[in-house]
There are 2 protein chains.
Amino acid sequence: MKRNSRADVIETASRLFAEKGFHGTSMRDLGGELGLLGSSLYSHIGSKNELLVDVVRQSAAMFQKLADDVSASVEPAPKRMFQLVRGHLNILVNDPYQAQTFLNETRFLPPNEREIAVKLFDHYQKTFHKVISDGQDAGFYRNSMDVHLAANLILSLLNGTTRWFRDNGPLDIGDVSAEIAVLLGSGLSSSKSIKGL
Amino acid sequence: MKRNSRADVIETASRLFAEKGFHGTSMRDLGGELGLLGSSLYSHIGSKNELLVDVVRQSAAMFQKLADDVSASVEPAPKRMFQLVRGHLNILVNDPYQAQTFLNETRFLPPNEREIAVKLFDHYQKTFHKVISDGQDAGFYRNSMDVHLAANLILSLLNGTTRWFRDNGPLDIGDVSAEIAVLLGSGLSSSKSIKGL
DNA sequence: CCTACCGATCGGTAGG
DNA sequence: CCTACCGATCGGTAGG
């Protein structure tokens, strides 16, 4: 019977929030998973909201770091795009519970905290906009493409993987990112031939 | 002050379930939106679970019908793929609350009902598998592509649109499906040139 | 981290 | 559709 740290509580909370949702997880549920009573959690944390805040912040920091790294890169746009795709998938796979909580439960944060997360995600999206835009300027990507729309579609595709990708499944993250690379690569290319559609 | 029908209750429930989640919506919340008390809802419905069951079933029926229509089609694979994409987007846009509840809250159904929904979605996915597989056999799509993975990626992309697509936004569903068509079209083509990645 | 609680809110019912 | 409830569960606190 080992003692639980605050980090243990947050980690387990992220799993339960991902699996059963923030509102579907009671403090007694969470305590039960850690082998203690719900009321005992309050020696580690101040409130249930605080748990969600911490999980979302941790996840947000991951995406923030990726955005910073890619923004600092001087590689050609398609390579930076692959860095984003690969890095984004890595974040989702490394801590799927944290990522799912970020993606699905951020809306349940208190308003001020939610705004911070939304702004951070906007900034993250801008990294995609920049890469796509640079790719157009350099002739890699179609100029006809709506930059915001393309970014939204790519992010949708990436975030959706949390719904079906399993780390112990038949595919590894390399398979998935390679397939996405091909899918996006050809689809984003300036020279393309659309057939049949 | 008009009376509410059972259909009104379900429709409003789908909106609240989409916005605040199943567990984040109380019967008193729902009653409040309809101008009555939470307890008064029970003259229209039997339980809160029943509301979720009904919303999910309605949405599931939409996807079921699309799958049946496309399965009955004898068009070339790329055209059927576009029917799926366009039809799927139409369902999401026509009733975004219902669709979001289907996508996000199905997991909170009672086990037996959840299994039904999962099976139905599996069947829906198989429609994508068939189209992709046919497209490979007919030489439209790369044979190297993993059919299940491609279907998952396409569905991720489509379902993710519920997070950002707004019916009154600058883009209409035609813009979005056209962009997706180009993205998928070239990316799925058997003749392609990957550059830079 | 537990014991022993608290007021608030939950889904739901009986009866009109 | 309301009045008047019900037992269960919620997030959280005081004190050890």
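Keep in mind the model is a prediction, meaning the values are calculated, not measured. So that the names make sense, note that chain A is the first sequence line, chain B the second, and so on, each numbered from 1.
For B:Ala18, the side-chain contact (heavy atoms from CB on, under 4.5 Å) partners are B:Tyr97, B:Gln100, B:Thr101, not counting sequence neighbours. For B:Glu179, the side-chain contact (heavy atoms from CB on, under 4.5 Å) partners are A:Arg142, A:Met145, A:Leu149, A:Leu153, not counting sequence neighbours. The salt bridge (charged side-chain N to carboxylate O under 4.0 Å, His left out) check on A:Lys126 picks up nothing, with sequence neighbours excluded.
Listed by residue number, the members of residues 36-48 of chain A with any heavy atom below 4.0 angstrom from DNA chain D are A:Ser39, A:Tyr42, A:Ser47, A:Lys48. Contact check of residues 8-28 of chain B against DNA chain C (heavy atom, cut-off under 4.0 Å) returns B:Thr25, B:Ser26, B:Met27, B:Arg28.
Pairs engaging residues 165-176 of chain B under the side-chain hydrogen bond (donor to acceptor under 3.5 Å, both in side chains) rule: none recorded [sequence neighbours left out]. Evaluation of the salt bridge (charged side-chain N to carboxylate O under 4.0 Å, His left out) test over residues 37-59 of chain B, restricted to residues two or more places apart or in two chains, returns B:Arg6-B:Glu50, B:Arg6-B:Asp54, B:Arg57-B:Glu113. For the ring pair (Phe, Tyr, Trp, His ring centres under 6.0 Å) condition, the pairs that include at least one residue of residues 4-32 of chain A, sequence neighbours left out, are A:Phe17-A:Phe22, A:His23-A:Phe108. Annotation: ring pair (Phe, Tyr, Trp, His ring centres under 6.0 Å) contacts involving residues 37-79 of chain B, sequence neighbours excluded, comprise B:Phe63-B:His88, B:Phe63-B:Phe102, B:Phe63-B:Tyr124. Every pair tested for ring pair (Phe, Tyr, Trp, His ring centres under 6.0 Å) that includes a residue from residues 166-186 of chain B fails, sequence neighbours excluded, so the list is empty.
A salt bridge is defined here as a Lys NZ or Arg NE, NH1 or NH2 lying under 4.0 Å from an Asp or Glu carboxylate O, and A:Arg15 with A:Glu33 meets this definition.
Of all nucleotides in DNA chain D, those with any atom nearer than 4.0 Å to a heavy atom of chain A start and finish, going 5' to 3', at D:dC10 to D:dT13.
Within the 3.5 Å criterion, the main-chain N or O of A:Val9 finds no donor-acceptor partner in the side chain of A:Thr12.
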Which nucleotides of DNA chain D pair, in dot-bracket form (Watson-Crick or G-U under 3.5 Å, | meaning another strand):
||||||||||||||||
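Residues A:Met62 and A:Val93 share a hydrophobic cluster, clusters being chains of Ile/Leu/Val/Met/Phe/Trp/Tyr side chains in contact below 4.5 Å.
At a cut-off of 3.5 Å, with distance as the only test, a side-chain donor of A:Gln64 or A:His123 sits close to an acceptor on the other residue.
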